[in-house]
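Remarks on the structure that follows.
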Amino acid sequence: MIALKSRKEIDRIQESVDIVSDTLNKIIEIIEPGITTAELDRFAEKNIRGYGAKPVFKGYRGYPYATCISINEEVVHGFPSERQVKNGDLVSIDIGVKYQGFVGDSARTIPVGEISPEARLLLMRSYQALDAGCRAATIGHRIGDISHAVEHIANLYGYGVVRDFVGHGVGRELHEDPQIPNYGKPGKGPRLQEGMVLAIEPMLNLGTHEVEVLEDRWTVVTKDRSLSVHVENMVAVLPEGPRVLTHANGVILPGADENPL
């Protein structure tokens, strides 16, 4: 069942998303070659708890960390570790918090140092797909319109759209109805109504859409080991149009011919 939120509840959710956005923005500032993903995870957890919030991923279905940190061919749910971030890496960081009973959940993929031209374009176009998905979250549209908007951008450039993992509703729980695939047909699926709060999260691969889960039973990688980008915004569906709750920085690269959010 899809839970519709009041304006007051959306404002409470916004507080949770603000903590996520602040944490992501601070990580964007400190990430550099040589830092480990475990250090980034500890930094994020300290920042989250400093607000009196809880890292909602930690302990969720047995997940052991505060963040999911996925590098290059890792799509989502990567474990923080003593692995050092390197120049040229694409680092996807997914963060969720629970604050005063409401959940915030967002992700950014961050370029480290000088990245390859193909990585640069994949990154920019993934933010473009995220923006398109968010703009489609208007009253009267259907979930399929969001899905199609994301897939359309991916198809323009020949990227694989991950099908095994999807966006979702968010509110008092991390994963609520409806599910939001990043592929689909316009005009299909549940109709968007005032008060829906959605996590829209494109996962685009440089190669095919196929993925597999590693032996840790969490880390998802591209089956062909091609690069992947994961970006995620939370959006409230309102009469005046979609309200993007996430304000973590989009990554704008110097000289880019296409701009993200």
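Start at 1 with the first residue, then count along the sequence. Quick caveat, the model's predicted, so the values are computed rather than measured.
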Taking [Y]'s backbone N and O only, do any of them form a donor-acceptor pair with [X]'s side chain (distance below 3.5 Å, no angle check)?
X: Glu151; Y: Gly184; value: yes
X: Asn182; Y: Glu201; value: yes
X: Tyr65; Y: Ile69; value: no
X: Lys86; Y: Gln84; value: no
X: Lys98; Y: Glu173; value: no
X: Arg243; Y: Leu238; value: no

Distance-minimising heavy-atom pair for [X] and [Y]:
X: Ile200; Y: Ala137; value: CD1-CB, 4.4 Å
X: Leu227; Y: Leu122; value: O-CD2, 3.8 Å
X: Ala136; Y: Leu192; value: O-CD1, 3.8 Å
X: Gly171; Y: Ile13; value: CA-CD1, 4.0 Å

Task: Residue pairs involving residues 221-242 (criterion salt bridge (Lys or Arg N to Asp or Glu O under 4.0 Å); sequence neighbours excluded) - done: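 Found Arg7-Glu240, Glu212-Arg225.
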Task: Listed once per pair and sorted, the salt bridge (Lys or Arg N to Asp or Glu O under 4.0 Å) pairs that draw on residues 41-68, sequence neighbours left out - done: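 Those involving residues 41-68 are Glu45-Arg49, Glu45-Lys58.
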Task: Connected hydrophobic set around Met1, excluding itself, where side chains approach under 4.5 Å - done: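 So far as hydrophobic clustering goes, Met1 is joined with none.
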Task: Neighbour count above 12 (heavy atom, 6.0 Å) for His152 NE2 - done: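 Counting other residues, nucleotides and ligands, NE2 of His152 stays at 12 neighbours or fewer.
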Open item on the list: Looking at Gln179, I want to see if its CD is surrounded by more than 12 non-hydrogen atoms of other residues, nucleotides or ligands under 6.0 Å.
Closed with: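 Open: at most 12 neighbouring heavy atoms sit under 6.0 Å from CD of Gln179.
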TODO: Please work out which of the three classes, parallel, tilted or perpendicular, describes the rings of Trp218 and Phe79, given edges at 30° and 60°.
DONE: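 Ring orientation, 0 to 90° scale: tilted.
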Open item on the list: Check whether Phe102 forms a cation-pi arrangement with Arg12 (NZ or CZ under 6.0 Å from the six-membered ring centre, at most 45° off the ring normal).
Closed with: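 Output no; distance or angle outside limits.
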Open item on the list: Less than 6.0 angstrom from the centroid, inside 45 degrees of the normal: does Arg125 satisfy that with respect to the ring of Tyr159?
Closed with: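 Pair Arg125/Tyr159 does not count as cation-pi.
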- [ ] May I ask you to check whether His230 and Phe165 place their ring centres under 6.0 Å from each other?
- [x]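 Between His230 and Phe165, which both carry aromatic rings, the centre distance is not below 6.0 Å.
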